[in-house]
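Below is one structure, written out as structure tokens; the observations come after it.
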Amino acid sequence: MKLTGAQIAAECLIREDATIIFGILGGAILPFYDTLPQYPQIRHILVRHEQGAAHAAEGYARATGKVGVCISTSGPGATNLVTGIADAYMDSVPIVAITGQVARPLIGKDAFQEIDITGITLPITKHNYLVPDAASLPQIFKEAFYLARSGRPGPVLIDLPRDVQTELAEFDYPSQVRLPGYRPTIQGHPTQIKKAARMIAEAERPIIISGHGVVISGAYEELLNLAETAQVPVVTTFLGIGSFPQSHALYSGWLGMHGLAWANLAVSGADLIIAIGMRFDDRVTGDVNNFAPKAKFIHVDIDPAEIGKNVKVDLPIVGDARNVLSALNKLITPAHHGEWIRQIDEWRREHPHTFTPSSGELLPQFVVHKLYEVTAGQAIVVTGVGQNQMWAGQYYVFDRPGMFISSGGLGTMGFELPAAFGAKIGRPEETVWCIAGDGGFQMTIQELATIVQEQAAVKIAIINNGYLGMVRQWQDLFYDRRYTATELSGPDFVKVAEAYGIPAVRVSRSEDVEAAIEKAMAEEGPFLIDFRVRPEENVYPMVPPGASISQMLEMPKEVGICHQNRS
Amino acid sequence: MPSKQILVVLVNNKPGVLNRVASLFRRRGFNIESIAVGLSEQPDISRMTIVVDGSTGKLEQVRKQLDKLIDVIKILDLGADNAVVRELALIKVKATAETRGSIIQIVDIFRAGIVDVSSDSLIVEVTGDKDKVDSLYNLLRPFGIKEVARTGYLAMNRGNLISAQEK
């Protein structure tokens, strides 16, 4: 029996177990939406802006490891997805974006709501398709999902002309893909792995840098095994947070521009870097010519193009982190690096990560610290971008894998709320906290309506300092405090939340923080807390742009709560 | 040509693939010296011959990034020594009754051809490596060049056959 293109698309989604889709409809995708009632297994979630659909799909994918799906109409619907697609591209998140397109005879005629979305998304997708006819749909969907989730994951876009959705074709879902131009290397080369084992055995000051790739491939056990057997301290990248338990004795912080001081010092002092599933981003390396100057580099990554792109590597291993580590662990001999670990401990004592609890103004660090305490470290934390993001990374302790979700590479303000919503949809049994800044929150604030509509119990903490805080910090430190355009008026967030039907409180004093968080946790549905924090608090440490990561601006040494410690 | 590198790239013969390749070069900051695209021995596969400036030390990145494109099936890095490299050029040169004979003489020496004649010009077709095309061009220049069209290189490894099946 023949099906319409729209029915075929729905059938394909079901075959790919992609039955939760986030989107907004419009003329060019209407035939597909008209088919949805025939497929009650598919849960469509109506968002309030297509950017929210893309971020929700990302949040869903990052929280579950499954492919997230977002859908929009042509033209502005499609262009509104672009930021979320770019975000997924930068952070290797598997999503499939489906866009409506004008009917085939109208393509190229500047028709109403026509836009060349495959052209626009060429540099920000792993691959994309303009569907030529309904008969091609099964193959295209099969390939799209396979490409999105395999190898180095990433976004794939399917542009679906309106008349293809109504065209009839036979539906036969292919069991496999044939992509001669796409054969990701999964297994590491045995000779290279042997060499790596030798280099690790010979190193005196080895350190592992664990990145997002470890999270994506689920290599937690293998990483733990390697670190413990060879007694190698582990630092993570920002997106690698949670890939190694942060209260483990070998955990040595996360590195980079706002990384912890002793993590940056440890990397700078190492004689061997074992980089796994990370890409030496400029926010990680600082001045790349002075990055880990004493070290040899082993670089494990599934994407060969990442190896040698930013730093010279002594030993490349192309492969999936989990496979490579599991093969490597068979060759690793138990070792001790007591002196090296003691040295890192000493750096930690000399550069404690602290803040001084203030009796006056509420400190953002304290808010995050309390969130950690009250949730007992068991929440999925989804952050915005900027100061709130760095404090979330610095003061929440992540011991479980896959609990930290943030926009790393693209640094997308407005990511937090829709991504937190997507994460909650994907893992409803978990507590999900959205840590937002007052700037980013206003960029996708309309998704509060989606949260209420879907009864998603997302807990929201706005770190409200009345500034675009991270930019203000740069102006403070590097532009003689000329606060051009960073002061930001916001609405009364409590009233806004209440207008959407979400209970909310405002907190301005340290002594009220705990009770407010407890109230939020006790609430069955969503809850919002507007934390009015000290406006000009800066994030420390900070590596000034262009400097080596061993040269950090640090907070004045004061005694306070310090809990990114070894246990 | 020590600083120039020739990449032969076999790609799916589909709409938009040239754009994917060209766009990649642009956004990664790689320079294309010349690019020639046409059919290969298989109807569903096109063959691109791309000359890039290899002196930037970026060639390895170019290759790896190209390899990530799903429509790229195989990439060959051809050294000038073991490859046959050819370019075709059409040169329209001013020709009067007095100069026509000299021009034809030069063209004959280069084993090039005259493919169009008019009262005041000739179109010369020449095939060869860069040196040959450049030399002929330089010899014709004194007569007055009106137009030049060059294809950029086509290249093929000597002897050992390559197949699109392997990558």
Side-chain angles (χ1 to χ4, degrees), chain A residues 86 89 92 104 107-108 116-133 136 139-140 142-144 146-148 150-159 177-185 279-280 299 301-313 316 318, chain B residues 5 7-30 32 35 37 39-48 50 52 54-77 162-167:
Chain A
Y89 183 73
S92 311
R104 285 167 292 179
I107 291 179
D116 171 20
I117 196 63
T118 47
I120 287 174
T121 57
L122 203 65
I124 54 166
T125 49
K126 191 168 168 183
H127 197 53
N128 62 24
Y129 298 87
L130 172 57
V131 182
D133 47 47
S136 310
Q139 190 65 40
I140 286 175
K142 183 79 189 176
E143 288 180 12
Y146 174 70
L147 288 170
S150 62
R152 178 180 181 174
V156 179
L157 180 135
I158 302 172
D159 197 22
V177 295
R178 192 188 159 274
L179 292 165
Y182 179 72
R183 283 170 198 160
T185 308
R279 58 189 177 87
F280 297 101
H299 191 182
D301 204 285
I302 198 161
D303 181 356
E306 288 303 342
I307 291 172
K309 187 179 81 177
N310 295 332
V311 300
K312 273 203 178 138
V313 171
V318 177
Chain B
Q5 296 288 336
L7 293 177
V8 168
V9 185
L10 300 179
V11 300
N12 285 324
N13 180 12
K14 279 195 220 161
V17 176
L18 174 61
N19 185 22
R20 288 179 196 275
V21 171
S23 154
L24 172 75
F25 275 80
R26 178 192 56 73
R27 68 177 181 272
R28 296 275 175 189
F30 308 139
I32 298 180
I35 181 166
V37 190
L39 291 176
S40 71
E41 69 280 10
Q42 287 169 272
D44 54 344
I45 291 173
S46 303
R47 181 174 173 125
M48 296 183 175
I50 306 174
V52 293
S55 62
T56 53
K58 285 182 173 174
L59 192 72
E60 186 68 16
Q61 257 302 296
V62 176
R63 278 197 62 149
K64 285 172 166 179
Q65 294 292 350
L66 271 176
D67 207 26
K68 283 174 74 171
L69 296 179
I70 311 298
D71 284 319
V72 169
I73 295 162
K74 188 179 173 71
I75 304 166
L76 275 133
D77 193 349
I162 59 150
S163 154
Q165 301 309 324
E166 30 167 330
K167 178 169 180 175

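All chains are named by letter (A, B, ...) in the order of the sequence lines, taking the proteins before the strands, and each is independently numbered beginning at 1. What you see is a predicted model; the values in this text were computed from it and never measured.
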Atom pair CD1 (B:I70) and OH (A:Y129), whose distance is rounded to the nearest 0.5 Å = 7.0 Å
Give, as side chain, backbone, both or neither, the part of A:L122 having an atom under 4.5 angstrom from any heavy atom of chain B.
-> both
Against chain B, label A:L130 side chain, backbone, both or neither, depending on which of its atoms sit under 4.5 Å from a heavy atom there.
-> neither
Heavy-atom closest pair (B:K68 atom, A:A305 atom, distance to 0.1 Å) is CD-CB, 3.7 Å
Side chain, backbone, both or neither: which part of B:R27 has a heavy atom under 4.5 Å from chain A?
-> side chain
Please check if the side chain of B:K64 supplies one atom and the backbone of A:I307 the other of a donor-acceptor pair under 3.5 Å.
-> yes
Between B:R20, B:K14, B:Q65, which has the largest tally of heavy atom pairs under 4.5 Å with chain A?
-> B:R20
